[in-house]
Number of protein chains: 2
Amino acid sequence: MAARAGGQGGKQPTINDVAAMAGVSKKTVSRVINRSEFISDKTRKSVQQAIETLGFVPNPQARALAFRRNFLIALLHDNPNAQTVLNFQQGVLDAIKDSDLALLVRPVDRGSDKLLDDVRLFLEKQRPIGAMLLPPISENDDLAKICEDLGVRYVRVGSAPLDDARHCVSSNDREVVAEAVGKLIALGHRRIGFVRGPAGFRSAAEREEGFRAALAAAGLSLPDELYAPGNYRYTAGVEAGEAMLSLEEPPTAVFVSNDEMAAGVMSVAHGKGLSVPADLSIIGFDDSPTATHIWPALSTVRWPIREMGSRAARTLVADFLGSGAKAADDENPVMPSTFIERQSVAPPRG
Amino acid sequence: MAARAGGQGGKQPTINDVAAMAGVSKKTVSRVINRSEFISDKTRKSVQQAIETLGFVPNPQARALAFRRNFLIALLHDNPNAQTVLNFQQGVLDAIKDSDLALLVRPVDRGSDKLLDDVRLFLEKQRPIGAMLLPPISENDDLAKICEDLGVRYVRVGSAPLDDARHCVSSNDREVVAEAVGKLIALGHRRIGFVRGPAGFRSAAEREEGFRAALAAAGLSLPDELYAPGNYRYTAGVEAGEAMLSLEEPPTAVFVSNDEMAAGVMSVAHGKGLSVPADLSIIGFDDSPTATHIWPALSTVRWPIREMGSRAARTLVADFLGSGAKAADDENPVMPSTFIERQSVAPPRG
DNA sequence: CTTGCTTTTGACACCGGTGTCTTTTAGGAC
DNA sequence: GTCCTAAAAGACACCGGTGTCAAAAGCAAG
């Protein structure tokens, strides 16, 4: 009973059915499907008519076999953060929902020494038309090279340009961080702490550079005790907060490299009876849901990850469809991050 | 240059290469790949040897075409919450990472009147071996029926059993909520507010029933002003909090149907200068990252979504592999949620 | 050494499309 | 009307596997 229900005979119509109905060869139908230009309008119309009538949908597996390419986009990530991945996914799906592409998700383990082999095998098997690399694995040049070798288009997502425009979508973390920190300085803050992201992450480095640039521009320095390492996790924020807020002369403001760690710093402040923002101003990064869920709502930098997802997908699709589609080159691959002011920033006391 | 790099001749070995090397027919190789039992040990070994030597990996597209089935698992969801979806994904991936299945993600729009057609078309095209339905769309019986019709195995995920054990993985929200609320009562709370999830969500109904059961067991009633509708979003929590905490006689504790809304209620409390938990105890649901990011850390019910993902995937795989694999039936399809005590609960004042 | 099974293996068509190359058709020039 | 060329359509192999059914091989019994 199962799998045999439905229309006439219970099977999907195939290209042969369409060909028979339109009175042409299957190759001609194939040409219509693939929008070949060597076809007369008359034939095209009658074939389209038949396709319509039968409700024909080309079988993707067969096409994949013949094309030696699957109509899929692969998303490779090492889950830096659930929200980031899902927002990105959402952006990708926004972009491909009207194409007949589907999204294949593949988490990988950047720590594994089999990383490269895993990815290569995965791409060889699935043969997607394109792959998207999320940070931090987007920073791995070997992965990009594998894609190149395998003829899989790819786009790398990062906090700063990682590759040429065809292969990269990035944000401008550095500038925006500098801008945000500039505002703290303008408010009168002089002792400003910094909590860094994990070593080896380009985003962490970019944010640090933005931070330092802002200090430098104002002639301020960053004492060692106001600099904390971190790993983008809540607990690192807690540790950094505990260290800095126990100082004899604690900072009046902190820039924290992501929202999750910022939440950790804020918890410590609350725990010590400090008022945010009156006693301590905090700025985070990402504009994750956490930023608005905590109290007071966190001033942060909105990272346009969903838009980057759409953009990355459009780049792949345009590239795949060839010159016909609007080339991606005329779009700027740098998507602006923006500083969002909420309630966690105020002038320093006194 | 691209796509032609690599080993000898630059192409993947095919089943024919293996057959030639082992001196058998391709059908025999196919039998080895598919673990057919009608094969002599001697032949099997020599074929496996050849497969090994050549590094042969069967082409999934070709198999999909011949099998009329893709080696994919589809995840259908209507993004109830990013964290939920991603955790579930993670669970699925834990379970399938050693099989040669891949995960296809498909968000759908439950509001759309084309929902059923969309899903049907998607499944007809992709022909995954199985599909997983996340709440709230898992509650839609028509979707399950479509899977059934198309011969796609499916698993529905929910807050209570939605289907028979082969087709469902669920948690026991009701009991655990009752348990959690029971603890509030045991601490001495008598005026306990409730913030509900969206209408039409089974999880919302289950949690409400658990809540009411706990009150009933203690002989307490739920006055109208302590009952707030909600939609699982932060802002709904804020609204509910504003309404309840402006009452002349505000509740001393609230059970909120998810963490995100609980964060909203907590913000309002902070804004009104109320201390949590001294003035107001709050319990949430989900154990999302938000629960630990806010201050004070939220007591909540941990919803085992990742485990449910693994379990759902294992059910599909076992079903697919047939009787050979451990049948799913001997596992209990109800995964226990657990109450987690953190800092947002205390006895009522005075 | 046959005979009669059962177990293994192979030949060949087929899944549903696309690539290549050939043939047919359509048009324009003469 | 004939010839030539470009555009359109078709024939057929092929992508890399699996299903079906027939043939070959293995083996116990006669």
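Chain identifiers are assigned alphabetically (A, B, ...) following the order of the sequence lines, protein sequences preceding nucleic acid strands; residue numbering begins at 1 within each chain. Please read these numbers as outputs of a predicted model, since none were measured by experiment.
- For the ring pair (Phe, Tyr, Trp, His ring centres under 6.0 Å) condition, no pair includes a residue of residues 100-137 of chain B, sequence neighbours left out.
- The pair Asp149(B)-Lys145(B) meets the salt-bridge criterion, since a charged nitrogen lies less than 4.0 angstrom from a carboxylate oxygen.
- For the pair Ser25(A) and dA9(D), the criterion of a side-chain N or O lying under 4.0 Å from OP1 or OP2 is not met.
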Report task. Just do the side chain to side chain donor-acceptor pair (under 3.5 Å) check on Gln12(A) and Glu124(B) with the steps written out, would you? Result -> CA-CA 9 Å; Gln12(A) 295 292 310; Glu124(B) 274 177 354; 3.1 Å; yes
Requested in this report: Give the B/S/- string for nucleotides 16-26 of chain C, one per nucleotide from 5' to 3', where a protein heavy atom under 4.0 Å of the base yields B, of only the sugar-phosphate yields S, and otherwise -.
Outcome: BBBBB------
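- One distance of note links CG of Leu103(A) with NZ of Lys97(A); it measures 13.5 Å at 0.5 Å rounding.
- Sorted by first and then second residue, the salt bridge (Lys or Arg N to Asp or Glu O under 4.0 Å) pairs with a member in residues 17-42 of chain B read Asp41(B)-Arg44(B); sequence neighbours excluded.
- Using a 4.0 Å cut-off between charged nitrogen and carboxylate oxygen, Asp141(B) and Arg156(B) count as a salt-bridge pair.
- Rounding to the nearest 0.5 angstrom, the gap separating the SG atom in Cys147(A) from the CZ atom in Arg153(A) is 11.5 Å.
- Here CG of Leu101(A) is found 7.0 Å from CG of Leu72(A). Values are rounded to the nearest 0.5 Å.
- Rounded to 10 degrees, the angle separating the terminal helix axes of the helix from dC1(C)-dG30(D) to dC30(C)-dG1(D), each built from five base pairs, is 50°.
- Listed by residue number, the members of residues 36-47 of chain B with any heavy atom below 4.0 angstrom from DNA chain D form an empty set.
- Among residue pairs with one or both ends in residues 83-95 of chain A, those qualifying as salt bridge (Lys or Arg N to Asp or Glu O under 4.0 Å) are Asp94(A)-Arg306(A); sequence neighbours excluded.
- Heavy atoms only, all atoms of each residue included: Phe56(A) and Pro13(A) are closest at CD1-O, 3.3 Å.
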